Amino acid sequence: NKVQSLLSYAELKERNKTIKKAEKAVEQAEQKIAKLEEQIADIETQLATPEGASDTTLFTKYGELKNQLSLAEDEWTEASLELDKLTDDR
């Protein structure tokens, strides 16, 4: 019984470690999304000016950032689902 309790403790400890890792992944994805949204807003502001509207490099950068945002949102979704799965089993 003592061996089983030690094993349970080790399993619990490993599980908590996995949950912490998942929480960190969600947090990092959220930070990445916030940063990308900020960069996109800056470019949108620049594109609203006559100079910016004629700057093709801004349009290219805008498209790249939107793609990165989409990927970051996918990462967040995956990390959130994993975290939910881990914490629902508690």
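For clarity, every value in this text was computed on a predicted model and none was experimentally measured. Atom set for the values below is all heavy atoms of this structure, side chains included, hydrogens, waters and symmetry mates excluded.
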One should read off an interatomic distance between Ile19 CD1 and Glu14 CD, to the nearest 0.5 angstrom, of 11.0 Å
Looking only at heavy atoms, the pair that brings Ser80 and Val26 closest together is N-CG2, 3.7 Å
CG of Leu86 to CD of Glu82, rounded to nearest 0.5 Å, is 4.5 Å
Rounded to the nearest 0.5 angstrom, the CD-CD distance for Glu73 and Glu78 is 13.0 Å
Interatomic distance, CG@Leu12 vs CG@Asn16, rounded to 0.5 Å, equals 4.5 Å
* **Co-membership, hydrophobic cluster, residues Leu69 and Leu71, 4.5 Å side-chain** => no
Distance col, row Gln39:CD vs Lys35:NZ, nearest 0.5 angstrom, shows 5.5 Å
In terms of heavy-atom contacts, Glu23 and Leu83 come closest through CG-CD1, 3.6 Å
For the residue pair Leu65 and Gln68, establish whether any side-chain heavy-atom pair is separated by less than 4.5 Å.
-> yes
I'd like a table of donor-acceptor pairs (distance under 3.5 Å, sequence neighbours excluded) in which one partner is a side-chain atom from residues 44-51, with atom names and distances.
{"residue": "Glu44", "atom": "OE2", "partner": "Tyr62", "partner atom": "OH", "Å": "3.0"}
{"residue": "Thr45", "atom": "OG1", "partner": "Ala41", "partner atom": "O", "Å": "3.0"}
{"residue": "Thr49", "atom": "OG1", "partner": "Gln46", "partner atom": "O", "Å": "2.7"}
{"residue": "Thr49", "atom": "OG1", "partner": "Gly52", "partner atom": "N", "Å": "3.0"}

Rounded to the nearest 0.5 Å, the CD atom of Glu64 sits from the NZ atom of Lys61 at a distance of 6.0 Å
Between Ala72 and Ala29 the two heavy atoms that sit nearest each other are O-CB, 4.4 Å
